[in-house]
Amino acid sequence: MKTKLSKRMSVVTGLVIFFGVLNILLLLAKAENAVGIWSNPLGKWNEEWYAWKVLILAGYVIFGLIVNILTMVFMLNSIKLIKCGEFFSKRNANIIWWSAPVYFLSGLCANNFPIIYGATRFIMIYPDTFFTPLLLIGIAIIYSAGVRLSEENRLTV
């Protein structure tokens with residue numbers, strides 16, 4: 001059973017890493033298109049809202065990278081845990097807790113990315129900007145409870 005589960009987790013982790021790296025490359029390509037390092041910039045970098053546009057672009061890249069890296073690290077930690085016969089760890093619980101605010105900031109910057117291209121709205125917020133981090137917080141609470149229960153089971157055995 002452990003070998004079947006670890007094989008499945010290895011496949012899922014491989015897919016997560018593949019799509020995480022692909023997402024990072026697409027994120028960097030989108031940022032490059034806006035700035036125009038190797039091509040003509042598609043973003044409108046005039047004086048109007050310049051600092052806000054720079055903040056959105058920097059947040060989009062930084063928080064997007066962090067979300068992808070946290071996801072990949074979580075999956076790699078899970079594989080190591082399953083091979084040791086465990087499932088819950090404090091490290092993974094912390095990753096889930098940190099992913100909620102980082103995902104919120106990443107979503108906020110991604111929602112407002114059209115401002116770089118000249119959109120007229122000042123700030124755009126969609127429901128998933130709040131819903132997904134709240135869902136992650138709920139998962140973190142459940143996962144943290146699993147960590148506590150697993151520690152108690154280790155002590156009683």
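Counting begins at 1 with the first residue of the sequence. As the structure is a prediction and not an experimental result, all values here were calculated from the model.
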A.B. asks: When you group the ILVMFWY residues by side-chain heavy-atom contacts below 4.5 Å and let the links chain together, are L55 and L65 in the same group?
C.D. replies: yes

A.B. asks: Using the side chain to side chain contact (heavy atoms under 4.5 Å, CB included) rule, take M75 and V12 through it: C-alpha gap first, then chi angles, then the decisive distance, then the call.
C.D. replies: CA-CA 8 Å; M75 291 304 293; V12 171; 3.6 Å; yes

A.B. asks: Kindly give the heavy-atom pair with the smallest separation between A93 and S144, and that separation in Å.
C.D. replies: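 Where A93 meets S144 most closely, the heavy atoms are CB-OG, 3.9 Å.
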
A.B. asks: Can you tell me how far CE of M9 sits from CG of L76, rounded to the nearest 0.5 angstrom?
C.D. replies: 9.5 Å

A.B. asks: Quick check for you: to the nearest 0.5 Å, what is the distance between I69 atom CD1 and I95 atom CD1?
C.D. replies: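 I69 atom CD1 to I95 atom CD1 measures 11.5 Å (nearest 0.5 Å).
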
A.B. asks: To the nearest 0.5 angstrom, please state how far the CG atom of L57 sits from the NZ atom of K53.
C.D. replies: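 L57 atom CG to K53 atom NZ measures 11.5 Å (nearest 0.5 Å).
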
A.B. asks: Closer than 3.5 angstrom, by distance alone: can the side chain of N92 be matched with the main-chain N or O of F88 as a donor-acceptor pair?
C.D. replies: no

A.B. asks: Using modelled atom types and a 3.5 Å cut-off, is there a donor and acceptor pairing between side-chain atoms of S99 and backbone atoms of I96?
C.D. replies: yes

A.B. asks: Given 3.5 Å as the limit, does a donor-acceptor pair link the side chain of N23 with the main chain of F19, or not?
C.D. replies: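 Not a single qualifying donor-acceptor pair exists.
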
A.B. asks: Under the criterion side chain to side chain contact (heavy atoms under 4.5 Å, CB included), I'd like the reasoning laid out for L81 against F87: C-alpha separation, chi angles, the key distance, then a yes or no.
C.D. replies: CA-CA 6 Å; L81 288 170; F87 187 73; 5.9 Å; no

A.B. asks: What class does the angle between the rings of F104 and F130 fall in, given that below 30° is parallel, 30 to 60° is tilted and above 60° is perpendicular?
C.D. replies: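 Because their plane-to-plane angle lies in the 30° to 60° range, the rings of F104 and F130 count as tilted.
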
A.B. asks: Ignoring hydrogens and geometry beyond distance, is a side-chain donor-acceptor pair present between T129 and N111 at under 3.5 Å?
C.D. replies: yes

A.B. asks: Measure the spacing between CG of N33 and CG of L26 and express it to the nearest 0.5 Å.
C.D. replies: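 Atom-to-atom, N33:CG and L26:CG are 10.5 Å apart.
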
A.B. asks: State plainly whether one hydrophobic cluster holds both I142 and F131, where clusters connect Ile, Leu, Val, Met, Phe, Trp and Tyr through side-chain heavy atoms under 4.5 angstrom apart.
C.D. replies: no

A.B. asks: Look at the side-chain heavy atoms of Ile, Leu, Val, Met, Phe, Trp and Tyr, link any pair under 4.5 Å apart, and say whether V73 and Y143 land in one connected group.
C.D. replies: yes

A.B. asks: Run the side chain to side chain contact (heavy atoms under 4.5 Å, CB included) test on E86 and K80 for me, step by step, so that the C-alpha distance in whole Å, both residues' side-chain angles and the decisive distance to 0.1 Å come before the verdict.
C.D. replies: CA-CA 9 Å; E86 298 179 20; K80 289 177 189 174; over 6 Å; no

A.B. asks: About how many Å separate NZ of K30 and OH of Y60, when rounded to the nearest 0.5 Å?
C.D. replies: 4.0 Å

A.B. asks: If Ile, Leu, Val, Met, Phe, Trp and Tyr residues are connected whenever their side-chain heavy atoms lie under 4.5 Å apart, and connections chain through other members, are Y126 and L134 in the same group?
C.D. replies: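 No, no single cluster joins them.
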
A.B. asks: When you group the ILVMFWY residues by side-chain heavy-atom contacts below 4.5 Å and let the links chain together, are L105 and W97 in the same group?
C.D. replies: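 In one cluster: no.
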
A.B. asks: Minimum heavy-atom separation for L108 and M124, please, with both atom names.
C.D. replies: CD1-O, 4.5 Å

A.B. asks: If you round to the nearest 0.5 Å, how far is CG of N68 from CG of L25?
C.D. replies: 10.0 Å

A.B. asks: Considering residues, nucleotides and ligands other than Y103, do more than 12 of their heavy atoms fall under 6.0 Å from its OH?
C.D. replies: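 At most 12 heavy atoms, drawn from other residues, nucleotides or ligands, come within 6.0 Å of this atom.
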
A.B. asks: Would you find a donor on one side and an acceptor on the other, under 3.5 Å apart, between the side chain of T132 and the backbone of D128?
C.D. replies: yes

A.B. asks: So do I79 and K83 actually touch side chain to side chain, heavy atoms under 4.5 Å?
C.D. replies: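 Yes, at least one pair of side-chain atoms sits under 4.5 Å.
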
A.B. asks: Taking all atoms of both residues into account, what is the closest heavy-atom pair of A31 and V61, and its distance?
C.D. replies: CB-CG2, 3.5 Å

